[in-house]
Every structure is written in structure tokens, then in C-alpha cells.
Amino acid sequence: MRLADEEKSILDGNQGEAARIALSVLVDLGELFGAVELIEVSQVHIDATLYMVDAGLEFAEKMADLGGEVAVPTSLNPSSIDLQRWKQYRVPPDVLSKHKRMAAAYLKMRATPTWTCAPYQNGIIPRFGEQIAWGESNAIAFANSIIGARTNRYADLMDICAAIIGKVPKFGLHLTENRKAGMLIQIKDITAQMFENEAIYPLLGYLFGEIAGDQIAAIRGIPQSVKIDSLKGFCAAAASSGAVGLVHMVGITPEAQTLEMCLHGSKPENIYDITPKLIEQAEDRLWAVKSDAVDLVVAGCPHYSPAEFIQLVQLIKGKKVHSSVVFWVFTNRSVYAWIKDNGILEDLTDAGIMVFTDGCSLQYPKETWHFTAAMTDSAKFANYCFSQSGLDAAYASIKDCVETAVRGKICRKESPWRKK
Amino acid sequence: MQEGIAVEKKIKGYCVVPGIARGEVLTTSQPISFWGGVNPATGLINDPRHELFNRSVAGKVLVFPFGKGSSTGSLIILELARMNKAPAAIVNVRTEPILATGPIVCKHFYGKEIPIIFLDEKSFQMLQTGQHVTVNAAEGFIIIHN
């Protein structure tokens, strides 16, 4: 790799040990993937903020102690827990201290405490074409596909290194030639009525990820009327079922206004169809519950937006969550403050819904909450729930989630794509 | 190298992360996700859907085609190294940045080496569970000792 004098000087340790370690890691990765130089990024989103294993804590604390400080605006993914309402979230005190140490290390490095997995809706938001370094799979897919910013799928720890240096190796999705779609996925026989049920979008995303795997694909047939939160659900699902960093949604992705644009003028190498039958099968794969008993309902994976809260408060109006069910919604602190001001939070609380900030529902404290089965409006949550907590989960529309929570047992209205 | 070993086979590979390691081969044709797939405290494969379920990766020359899954995999490899439960080396057909990040950070942070080497499909098939091998990633070869 060609390094500038300043970069060589960092490697010699002239800007401290944290910068030396960070740049050494970036240069090794760059050499490995054939990058010729480093490029500047305007911002970073760090994924490695959950306290999960001690190595992550050691890394963050040591980098902070060695004088590591972010060189560019840097947002933070969720903590594992609600750092403020940890008591209500039943976080055992011995684990709490490690979560707090983790948070302190990132603040010491001067990162912005966004504590959110949807940094593209609140926080430090990039523009079209901007070079950025983001971790968190759903955020990466959203940034590349919906905003048209440019980031690779940065691994935990690499994101911290990028933040400290403000640069990354120039390779992968930072370069126009590597953003070309090779595969085309077509939406076939899906009617306007099916698209009206917003639960279809995460299912389409889930199928997209399964089909695309680690390849870059274009998808044709997503209606222009799609809402931004549906795109969020699509990207989160796609990045959980496949190694998806960039989805070209024809007519929606800024650099894919036409199919020709994202194929860079060539023909697709493979073409696949997504049909109502495939959607039904995907829905079945995300339905792991074995009976109609459910005692946990989860929303906010990724973190809920104001629009999603408005929909939720309308659905729960005049109803109450059943005494046998716990209903959690996760969001960030900004949205929480807004719904507190406009009274939505009070209505939700009165109805028995618990709203948390900062945390990740997939990392709930297993020692203190004991559930039999979960229902969620997130295909990503449903996909990861069992491997993360041993709990069976079912994916459904938010309408069905609310009905289920109110009745205290599974309510599943026929999805329009299911054969009667 | 050693005397008294009659058959020694040398396979050519390509360096991903440099280093030299010796160990017993543990091979699978399935991809591995370190996050949600390997227990970072014990080194045991904990994904019940994986064919290596309940086998330990600790100290093994772990042979699998490519990595998959979440970007947190790098952190799990770092924790495995901290707990001395990491594989001795990793052999792939294809290595993506997320998988490579763990061993790279490990080298600079803990000063521990987990070499990664990749092979073509045909050479990859020559490695069998139970073989004793030396991986020399920097020079791009694997020696099968028996």
C-alpha cells in the first residue's frame, strides 16, 4: 500500500499507541484486499458497542486509555441494555458495571452517544455518494442502498480503528466499479393489495438476502409508494439472511434509478423471481413458535421511528396489553424525548407497553426474564432470536403483534399472499 | 523437517494473515459464523444445525470454505484468543474481510498469531479431519505430516 508521510509517522508511533494499533490493523486489511491507498471517511458508526465478551471491553478500554480519540464524527450502535432504565429491564447488577464501563470507554474516545442501530434516522446522517465507515449490518445496507453513501461491511473492532484514524483502505464498496449488480431479482405476481400489508417488505428483504448471499443484486418491482420504515425492515432482514451490504432497488436506490444504471450497462448474470409462494414459505421459516402461547412481543429491531410509534399508538388505542404478556419497544433517546413530549409515551405506558432506549432486544437479560415464545414485527429479530436467546419467535405484522399482545395468545390474520 | 516421517505432502496456498502454526485438522464443508456459531468461552461449535456441533475449534487447524454471518464474528475470534480457545490456524477457499479482521486485530492487540491461508478447491479437499499439518501462511504452503 502507498502510505502518505503522515500515515507512516502514525505507524512509527508518533501519534500515540492507539493510533499506531488502529492504523496497523487498517493497513493489514488493506494489503489483504489489494487496496493501494487509504481514503478519508467523513463519519463512522461503531457496531462493537454491545458488551458481549470481555475482549471487546478490553479493546475499547485500552484504546481509550492509550489516548485513542475519534478523528471524525462517530455514532454508536446500541448498548446491550437500557443504560438509564436498567432496573425496569432487570439487568443483573454484576453485568451492569461492564455495560457502563463499555459506554464510558466510547465516551472517553469522544464518540457521540447515539446508542442506536438506526443511525440513518437520527444522528450523524451521510449524503448520497459520501465515503463513510459503518458497522451494524442493517445500517450498512440502509446507508448503501437507500441513502447511496458508500461503506463496506465493516467488522467489529475495524470500525473503532477507522474512527480513530478517520480513514479506511480504498477497496470494495467504496469504489464505483465494485457496486455493480450482477444478479437481478424480479418481483412477480405480487398485487397492489399484497403491498398494502407492510409486513411484506421485511419478507421480501429476507428472501433477497437468501438469494443474493454475498453477491450484489438488483431488485425490480418495489413500488414507489414504499415507506422509509418498510425499507428499514427490508434492509435489516436482507442483511440478516445474507451477507448483504448493498441492495439496488430499481427506482429507489439513488444510483439505481434505472436497471441499466445498477448493471453498469451489462446484462444480469442470473435472474430470480420472488413470487407469492416464496413469500409464504419465507413467512413459514420465520414462524418458529409451536403453539399459540406467546408471552413476549417485541418491536423496535431496528430502533423505532416517530412514524412507527404513531402507528403503534393508533393500533393500541382503547386496548390494553394482556397481563400474561410483556410488550417491549426499543428506540433511541431522541425519539423517546419526542414521544414523551407529545404524549404518545404516556398512552403506550398506560396500555402496558414498555419503551426502552439504548439497548438491543436480542440481548435481553436471560437470567431475569423467562419467556416461552416471542412475537415480533421484525424479520431480523425473528431470524436471530433463537440463536441469541434460545427463545422461539414468530414474525407478523404490527397489527397482528398488537392483537396478540391484547388477547394474550397468538392472533394471525391471513396474509394476503397466502393461498386460501 | 522431522526425521522418520515417510510421507509428507506440501500443498500450495495463498497468505491471508501471516504466521506459522502446527496442529490437528478439523474440517467441514459448511461455512462457519463465529457469532452465534462458536461459544467464545469454550471454543465449542454451538450451532445445533452445524455438522461440527459440539466439536472444539481450540488449537485446531480449522478448515472451512468461507465465513458467514454477522460482523461481530471478529470480536468472538478476539475473545477466543484471549481465552486461549482460538483455532491454531484457519484454512479457507475464500476469506472475507469480517473473518480476517479477528486475527488481524489479535496480532496487533494481543500479539497472538492466528494465521489464515486460502487454497483452491482441489487442495482444500486434500485436508481431512485428524491429519497433522503445519501451516506457513506467509510463505503460502501447508505440509501434511501423515
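Throughout, a chain's letter reflects where its sequence line sits, starting with A, and its residues are numbered from 1.
Between the side chain of Glu79(B) and the main chain of Ala55(A), a donor-acceptor pair closer than 3.5 Å is present. Judged by distance alone, with hydrogens and angles left aside, the side-chain atoms of Ser389(A) form no donor-acceptor pair with the main-chain N or O of Phe386(A) at under 3.5 Å. Using a distance-only test at 3.5 Å, with no hydrogens or angles considered, no donor-acceptor pair links the side chain of Thr95(B) to the main chain of Asn92(B). Panel note: side chain Thr74(A), backbone His45(A); no donor-acceptor pair is recorded below 3.5 Å. A donor-acceptor contact shorter than 3.5 Å is absent between the side chain of Asn77(A) and the backbone of Ala48(A).
A cation-pi contact links Lys10(B) to Phe141(B), judged by a cut-off of 6.0 Å to the six-membered ring centre and 45° from its axis. A cation-pi contact links Lys366(A) to Tyr364(A), judged by a cut-off of 6.0 Å to the six-membered ring centre and 45° from its axis.
The number of heavy-atom neighbours closer than 6.0 Å to NZ of Lys60(B), taken from other residues, nucleotides and ligands shown, is above 12. More than 12 heavy-atom neighbours from other residues, nucleotides or ligands sit within 6.0 angstrom of CZ on Phe33(A). Atom CZ of Arg285(A) is surrounded by more than 12 heavy atoms from other residues, nucleotides or ligands within 6.0 Å. With a 6.0 Å radius and a threshold of 12 heavy atoms from other residues, nucleotides or ligands, Tyr14(B) has its OH atom at or below the threshold.
Within residues 9-16 of chain A, no residue has any heavy atom less than 4.5 Å from a heavy atom of chain B. Applying a 4.5 Å heavy-atom cutoff, the residues of residues 151-159 of chain A that approach chain B are Arg153(A), Tyr154(A), Ala155(A), Asp156(A), Leu157(A), Met158(A). Taking non-hydrogen atoms and a 4.5 Å limit, the residue list of residues 123-133 of chain B in contact with chain A is empty. Of residues 107-120 of chain B, those residues with a non-hydrogen atom less than 4.5 Å from any non-hydrogen atom of chain A are, in numerical order, Lys107(B), His108(B), Phe109(B), Tyr110(B).
The parts of Pro97(B) that come within reach of chain A are both its backbone and its side chain, each placing non-hydrogen atoms under 4.5 angstrom from that chain. Contacts between Leu29(A) and chain B at a heavy-atom distance below 4.5 Å involve backbone atoms as well as side-chain atoms. Residue Glu58(A) touches chain B through both its backbone and its side chain, counting heavy-atom pairs closer than 4.5 Å. Residue Asp47(A) touches chain B through its side chain alone, counting heavy-atom pairs closer than 4.5 Å.
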- Kindly indicate, with the supporting measurements, whether the criterion side-chain hydrogen bond (donor to acceptor under 3.5 Å, both in side chains) is fulfilled by Ser241(A) and Glu210(A). CA-CA 5 Å; Ser241(A) 62; Glu210(A) 286 186 330; 5.7 Å; no
- Message: The test is side chain to side chain contact (heavy atoms under 4.5 Å, CB included); show your working for Cys301(A) and Ser361(A) and say whether it passes.
- Response: CA-CA 7 Å; Cys301(A) 169; Ser361(A) 49; 4.0 Å; yes
- Message: Evaluate Glu17(A) against Lys62(A) for salt bridge (charged side-chain N to carboxylate O under 4.0 Å, His left out), listing each step before the verdict.
- Response: CA-CA 10 Å; Glu17(A) 188 57 8; Lys62(A) 187 161 174 207; over 6 Å; no
- Going through the distances and angles, do Arg55(B) and Leu44(B) end up as a side chain to side chain contact (heavy atoms under 4.5 Å, CB included)? CA-CA 5 Å; Arg55(B) 301 286 295 266; Leu44(B) 294 176; over 6 Å; no
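Ion pairing between Glu96(B) and Lys68(B) fails under the 4.0 Å rule for side-chain N and carboxylate O. Electrostatic pairing of Glu37(A) and Lys170(A) counts as a salt bridge here, judged by a charged N lying under 4.0 Å from a carboxylate O.
The line from CG of Leu75(B) to CH2 of Trp35(B) is 11.5 Å long, rounded to the nearest 0.5 Å.
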